[in-house]
Amino acid sequence: MSLCAAGAMPPIAVANIPFASISWQKPFSNFFCNSSHRSSQSQATKLSSKLQLLQRDTRSLFRDAVPQAIDLAAEAGNFGSAPTLKTLTGRWKKDKNASDSMTEACELIQLPWVLRQALAILSTLDIEDTDDYFKTVMKAGGLMDVVERYSWSGEIVSHPRRDKRRGKHHARVHRHETEDGELAPVIEATWGEPLGGWCSDTFLLSQDGKTLKQVTEMKITESGKSCKYTTVFHRVEKK
């Protein structure tokens, strides 16, 4: 029996096939080319993914950094615009035409007629504004002068009542930052009966340092009545 009849392939006459006619390189060439192409595509895909992640990270970083930069700029602006401290030291002349009437305040505290006349002649305010203390001298005819001195430490100091009644008032001074960024001295005082109450004097200096406004708020505890008035002064220039 022949091998062909049994299903076996007939022998190939290799010797009769020209060696040069066999294409050995093409399959291998295709294999390497395809592998290189697939590798390039894979690297390009990875690179694209990394670029997308980098873009997202950059956008996220920029998004987080902008508010921080704005906050830093705001802080720098606040630092640059620190409250201004100006001295009020000097002599000040009252501007009666520009000042509010004190009639309501006099009635509120039931000021005697004699003291009302003293207020009418009050025209000069001397101030000593130092690093250690704040002192005011309201001149109203000698015996009616009101002299007060307060430490910047915030210590409460007792002085005779301004309405010349018996007893004392208890007060302190501190600085209050205004809307204009100025540090204005504020005197806060309280007193007991008769006609017990409280008041505050805020001293506001103009930008040119030539005009001073003393804003006074006062309230009587028992009646609950209150008033507010402004006294305007102009700096007396030294000759």
Side-chain angles (χ1 to χ4, degrees), residues 88-129 133-179 182-206 211-236:
L88 275 61
T89 296
R91 172 160 291 186
W92 302 86
K93 193 75 171 178
K94 181 179 178 179
D95 186 338
K96 295 183 179 180
N97 294 326
S99 301
D100 294 337
S101 171
M102 296 182 64
T103 300
E104 184 179 3
C106 291
E107 293 177 351
L108 183 65
I109 203 167
Q110 299 178 20
L111 201 65
W113 180 85
V114 174
L115 294 182
R116 295 194 187 198
Q117 301 309 306
L119 282 178
I121 63 174
L122 189 156
S123 60
T124 305
L125 172 64
D126 288 339
I127 295 179
E128 293 181 26
D129 184 6
Y133 64 88
F134 186 74
K135 179 180 178 181
T136 61
V137 180
M138 293 181 286
K139 295 184 175 296
L143 293 176
M144 304 305 296
D145 291 355
V146 177
V147 181
E148 298 176 1
R149 185 180 186 276
Y150 302 98
S151 170
W152 286 116
S153 66
E155 176 187 1
I156 296 178
V157 181
S158 297
H159 286 294
R161 288 177 56 154
R162 294 176 182 177
D163 60 5
K164 302 302 179 180
R165 289 188 171 94
R166 59 180 174 82
K168 295 180 179 292
H169 77 224
H170 311 286
R172 69 184 183 98
V173 69
H174 65 91
R175 295 191 187 277
H176 170 72
E177 184 177 351
T178 67
E179 295 179 355
E182 303 288 343
L183 289 175
V186 180
I187 297 175
E188 296 176 335
T190 61
W191 60 92
E193 296 298 331
L195 297 171
W198 64 266
C199 79
S200 68
D201 296 311
T202 303
F203 298 85
L204 303 173
L205 187 64
S206 63
T211 301
L212 177 66
K213 291 183 178 180
Q214 179 181 344
V215 181
T216 302
E217 297 182 63
M218 184 167 54
K219 184 175 182 179
I220 302 302
T221 304
E222 185 175 354
S223 66
K225 294 181 179 180
S226 62
C227 70
K228 179 179 180 179
Y229 60 93
T230 300
T231 307
V232 179
F233 299 88
H234 298 296
R235 188 186 291 274
V236 177

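Every value quoted in this text rests on a predicted model; they were computed, and no experiment measured them. Sequence positions, counted from 1, serve as the residue numbers for this chain.
The CG atom of Asp126 sits 11.5 Å away from the CE atom of Met138 when rounded to the nearest 0.5 Å. Atom CD of Glu148 is separated from atom CD1 of Ile187 by 5.5 Å, given to the nearest 0.5 angstrom. For the atom pair Leu205 CG and Leu183 CG, the distance stands at 12.0 Å (nearest 0.5 Å). For the atom pair CG (Leu108) and CE (Met218), the distance works out to 5.0 Å, reported to the nearest 0.5 Å. Distance check, rounded to the nearest 0.5 Å: NZ of Lys228 to CG of Asp100 gives 10.0 Å. Rounding to the nearest 0.5 Å places CZ of Arg172 at 11.5 Å from OG of Ser151.
Among all heavy-atom pairs drawn from Arg116 and Cys106, the shortest one is NH2-O, 3.5 Å. Taking all atoms of both residues into account, the shortest heavy-atom contact from Ser200 to Glu188 is CB-CG, 4.3 Å. Across every non-hydrogen atom of Lys168 and Trp191, the tightest pair is O-CB, 4.0 Å. Listed here is the closest heavy atom pair of Tyr229 and Met102: OH-CE, 3.6 Å. Taking each heavy atom of Thr221 and Gly197 in turn, the nearest pair found is OG1-CA, 3.4 Å. Smallest separation of non-hydrogen atoms from Arg166 and Arg161: O-CD, 3.3 Å.
Side-chain polar atoms of His170 and Ser158 form a donor-acceptor pair below 3.5 angstrom. Inspection of the Asp129 and Thr89 side chains reveals no N or O donor paired with an N or O acceptor under 3.5 Å.
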Discussion item. Is there a side chain to side chain contact (heavy atoms under 4.5 Å, CB included) between Lys94 and Gln214? Walk through the geometry before answering.
Written reply: CA-CA 10 Å; Lys94 181 179 178 179; Gln214 179 181 344; over 6 Å; no
Item to complete: Determine, stepwise, if the pair Ile127 / Phe134 fulfils side chain to side chain contact (heavy atoms under 4.5 Å, CB included).
Response: CA-CA 7 Å; Ile127 295 179; Phe134 186 74; 3.7 Å; yes
Fill in: Residue pair Leu212, Arg235: steps toward the side chain to side chain contact (heavy atoms under 4.5 Å, CB included) verdict
CA-CA 7 Å; Leu212 177 66; Arg235 188 186 291 274; over 6 Å; no
Worksheet item: Where do Ile109 and Arg165 land on the side chain to side chain contact (heavy atoms under 4.5 Å, CB included) test, with the steps shown first?
Response: CA-CA 11 Å; Ile109 203 167; Arg165 289 188 171 94; 3.9 Å; yes
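Using cut-offs of 30° and 60° for the angle between ring planes, the His169 and Tyr150 rings count as parallel.
Between Pro185 and Trp152 the shortest side-chain heavy-atom distance falls below 4.5 Å. A 4.5 Å side-chain heavy-atom check between Ser123 and Lys139 finds every atom pair outside the cut-off. Under the 4.5 Å side-chain criterion, counting only non-hydrogen atoms from C-beta, Glu128 is not in contact with Arg149. Looking at heavy atoms from C-beta onward, Val147 lies in side-chain contact with Lys135 at the 4.5 angstrom threshold. Contact of the Lys225 side chain with the Glu107 side chain is not registered, since no non-hydrogen atoms from C-beta on lie closer than 4.5 Å. When side chains are defined from C-beta on, Thr124 counts as touching Lys93, because their heavy atoms get closer than 4.5 Å. Contact check for Leu115 versus Lys164: side-chain heavy atoms found under the 4.5 Å cut-off.
Thr211 pairs by the side chain to side chain contact (heavy atoms under 4.5 Å, CB included) definition with Ser206, Val232, His234, not counting sequence neighbours.
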